[in-house]
Amino acid sequence: MGPGETAILESSLRSFYRLFAPLPPLPAAVPGRMNVIDHVRDMAAAGLHSNVRLLSSLLLTMSNNNPELFSPSQKYQLLVYHADSLFHDKEYRNAVSKYTMALQQKKALSKTSKVRPSTGNSASTPQSQCLPSEIEVKYKMAECYTMLKQDKDAIAILDGIPSRQRTPKINMMLANLYKKAGQERPSVTSYKEVLRQCPLALDAILGLLSLSVKGAEVASMTMNVIQTVPNLDWLSVWIKAYAFVHTGDNSRAINTICSLEKKSLLRDNVDLLGSLADLYFRAGDNKNSVLKFEQAQMLDPYLIKGMDVYGYLLAREGRLEDVENLGCRLFNISDQHAEPWVVSGCHSFYSKRYSRALYLGAKAIQLNSNSVQALLLKGAALRNMGRVQEAIIHFREAIRLAPCRLDCYEGLIECYLASNSIREAMVMANNVYKTLGANAQTLTLLATVCLEDPVTQEKAKTLLDKALTQRPDYIKAVVKKAELLSREQKYEDGIALLRNALANQSDCVLHRILGDFLVAVNEYQEAMDQYSIALSGGVPRSCLWNQSCLERPGISSFSVTGWSFHCCAREMTHQPARSKAEIQASPLFCCPLVWTPMTRSL
């Protein structure tokens with residue numbers, strides 16, 4: 001072997017020995033070099049939650065097997081990041097457990113270590129780390145508890161944070177939790193604290209107004225920002241409008257929001273249109289309510305808020321195909337909101353599938369326990385299934401959540417009437433009349449109860465006359481007045497009342513009732529026209545047909561004298577007399593004179 005080859009061989013052997021020689025241990029941390037905790041933190045910040053969950057789980061097991069592997073502060077960070085990944089995966093109970101362990105670790109760390117968290121500007125070392133905020137950990141624990149429907153635990157964990165350390169989002173969550181628990185005073189205090197820190201927190205403003213705080217007081221808390229920030233002159237009007245909303249003054253609220261919506265900068269705002277639609281609905285103006293909902297839906301095809309009320313109105317009009325399409329569209333947008341379930345429930349309810357409506361209403365409440373429309377749907381389904389006492393519980397909860405919504409009281413009064421508790425219904429109707437004021441809706445509601453007692457028939461007539469004087473186009477008042485005139489057999493007066501009501505609007509129920517009255521005065525041809533209009537407007541044939549009518553005096557004689565009505569025809573045909581069984585078997589026969597719904601409406 002030559003000298004050159006020997007030199008090459010020696011060099012190769014030295015390289016080989018260096019490769020397998022034991023390396024000196026690395027220092028605990030090298031300035032400028034990332035450790036494994038830094039990598040976990042970076043992945044968490046990048047939103048790689050599934051990756052964080054896997055790696056942090058492995059590292060925590062390593063730490064349990066070798067407690068000296070990570071410092072106390074590093075283990076605290078691992079627990080927090082692991083809990084965050086569990087929260088992201090909606091494993092809330094497991095996340096609470098890990099957050100609790102993290103807080104215990106932080107408490108032990110504070111006792112044993114004199115080192116405080118750095119600002120994060122220096123290099124990452126065991127002595128200098130950017131630790132997750134303990135307050136943020138408690139906030140996330142409270143979020144877990146709210147998702148688990150454990151509101152008391154959420155309040156307890158947030159109450160443990162000193163007032164000076166509470167961030168706006170902590171105060172906002174506390175305010176909402178206090179409000180839900182019925183603790184109005186601490187709720188108001190927390191909402192005000194949110195506004196002190198963030199004077200443009202509009203949801204906090206709505207929270208204060210819903211707790212009966214005066215609009216002027218709320219406006220004063222935003223005065224400085226209105227005066228210093230340009231283009232916020234509309235805010236004081238906005239506060240005034242929603243102050244009217246929460247005091248139940250629907251007409252003034254509508255006028256104020258309309259004036260706001262007409263301003264060029266706020267024209268076609270979806271939230272304002274949704275509020276207008278809801279106010280028209282509360283005021284009993286279903287036509288304008290539907291129009292505003294449709295306008296908002298055109299501007300925002302992915303709109304979910306308020307669509308449960310919109311679906312309910314469509315279902316009441318008999319537009320079940322539109323309701324079904326709306327429900328499918330909403331489910332495609334999100335099935336984690338109550339609205340799609342309520343809309344589908346309304347379709348089932350008006351299709352007389354009450355068990356399914358009950359299930360869908362319960363599912364909606366599970367997703368949002370504050371959904372008034374879901375409570376009304378479930379209550380109505382329970383009532384029509386004969387479970388009146390359970391229905392009463394749901395209507396009372398709806399009243400607690402929305403004390404200015406008349407339909408909540410209507411549902412409860414319907415339950416009282418269904419169980420023949422006329423006295424309780426009268427007490428409730430009088431309370432609504434005194435609380436919400438003497439308007440067309442409350443007068444009609446009180447008259448509805450009075451009609452159930454023969455002693456108060458005259459009082460019902462007076463109340464309905466007052467209601468129609470205030471609002472001649474209020475359909476519920478017209479229907480009840482027509483019912484009263486039918487009892488008194490004043491058919492000509494009823495026809496005049498219904499013609500006046502239909503002069504400026506078209507309503508399928510009014511057309512159907514007008515057809516009944518026309519039959520009573522032998523105006524068969526025009527009656528057929530009214531029934532045809534009613535059917536084309538969405539009234540199901542089942543609403544025009546009632547077998548019990550054949551048992552009533554005068555009706556069976558009319559039915560067997562040779563006349564029958566065919567809803568598919570525009571003219572009445574004369575046919576030979578048929579038996580009662582044949583008449584009942586005819587799916588196209590329209591019951592004349594009196595219509596009694598098989599079930600009470602939603």
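Source: prediction; values computed, not measured.
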Can you name the residues that form a salt bridge (Lys or Arg N to Asp or Glu O under 4.0 Å) with [X], not counting sequence neighbours?
X    : result
E294 : R319
K480 : E483
D465 : K481

If you count heavy atoms of other groups shown closer than 6.0 angstrom to [atom1] of [X], is the number above 12?
X    : atom1 : result
K152 : NZ    : no
R353 : CZ    : yes
N504 : CG    : no

Looking at E217 and K214, is there a salt bridge between them, counting it only when a charged N and a carboxylate O are closer than 4.0 Å? no
Could you tell me whether E397 and R400 have a side-chain N and a carboxylate O separated by less than 4.0 Å?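 Answer for the salt bridge query: yes.
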How would you list, by chain and number, every residue that makes a side-chain hydrogen bond (donor to acceptor under 3.5 Å, both in side chains) with [X], sequence neighbours excluded?
X    : result
K466 : none
Q530 : H511
E339 : none
K363 : none

Distance from L484 atom CG to L497 atom CG, nearest 0.5 Å?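 Separation between the atoms: 10.5 Å.
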Here the gap from D249 atom CG to L436 atom CG, rounded to the nearest 0.5 Å, amounts to 11.0 Å
Donor-acceptor pairs under 3.5 angstrom involving side-chain atoms of residues 286-293: please list them, not counting sequence neighbours.
| from | atom 1 | to | atom 2 | distance (Å) |
| --- | --- | --- | --- | --- |
| N288 | ND2 | D285 | OD2 | 2.7 |
| S289 | OG | A277 | O | 2.8 |

Tell me whether [X] contacts the main-chain N or O of [Y] through its side chain, where contact means a donor paired with an acceptor under 3.5 Å.
X    : Y    : answer
R282 : G248 : no
Q457 : L451 : yes
T456 : K459 : no

Stepwise, does the side-chain contact (heavy atoms from CB on, under 4.5 Å) test hold for Q373 with C346? CA-CA 10 Å; Q373 210 60 38; C346 289; 5.6 Å; no
Pairs touching residues 440-451 that satisfy side-chain hydrogen bond (donor to acceptor under 3.5 Å, both in side chains), sequence neighbours left out: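 Found N439-T442.
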Only pairs at least two apart or in different chains count here, so list each side-chain hydrogen bond (donor to acceptor under 3.5 Å, both in side chains) that has a residue in residues 420-433.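 Applying side-chain hydrogen bond (donor to acceptor under 3.5 Å, both in side chains) to every pair that reaches into residues 420-433, excluding sequence neighbours, yields S419-S421.
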Between L320, L360, N325, which is the residue that forms a side-chain contact (heavy atoms from CB on, under 4.5 Å) with H347?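 The residue from L320, L360, N325 that satisfies side-chain contact (heavy atoms from CB on, under 4.5 Å) with H347 turns out to be L320.
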In a table with atom names and distances, give each donor-acceptor pair under 3.5 Å that connects a side chain of residues 180-188 to protein atoms at least two apart or in another chain.
| from | atom 1 | to | atom 2 | distance (Å) |
| --- | --- | --- | --- | --- |
| K180 | NZ | D151 | OD2 | 3.2 |
| K180 | NZ | S369 | OG | 3.3 |
| S187 | OG | A175 | O | 2.9 |

Aromatic rings Y312 and Y350: how do their planes relate, parallel, tilted or perpendicular, breaks at 30° and 60°? tilted
Contact summary for [X] and [Y], nearest pair of heavy atoms:
X    : Y    : answer
I239 : G215 : CG2-O, 3.8 Å
C408 : L376 : CA-CD2, 3.9 Å
V323 : A315 : CG2-N, 3.5 Å

Determine whether K240 and F244 make a side-chain contact, defined as any pair of heavy atoms from C-beta on separated by less than 4.5 Å.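 K240 reaches F244 side chain to side chain.
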May I ask you to test the F349-S344 pair for a side-chain heavy-atom distance under 4.5 Å? no
Decide yes or no on side-chain contact (heavy atoms from CB on, under 4.5 Å) for Y178 and L211, but give the supporting numbers first. CA-CA 11 Å; Y178 282 136; L211 293 170; over 6 Å; no
Which pairs would a plain distance check flag for residues 470-478, meaning a side-chain donor or acceptor within less than 3.5 Å of a matching protein atom at least two apart in sequence or in another chain?
| from | atom 1 | to | atom 2 | distance (Å) |
| --- | --- | --- | --- | --- |
| Q470 | OE1 | A440 | N | 3.2 |
| Q470 | NE2 | A438 | O | 3.1 |
| R471 | NH1 | A283 | O | 2.4 |
| K476 | NZ | E410 | OE1 | 3.0 |
| K476 | NZ | E410 | OE2 | 3.1 |

Polar side chain donor-acceptor pair, Y242 to S275, under 3.5 angstrom: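 Yes, because at least one side-chain N or O of Y242 sits under 3.5 Å from a partner of the opposite role on S275.
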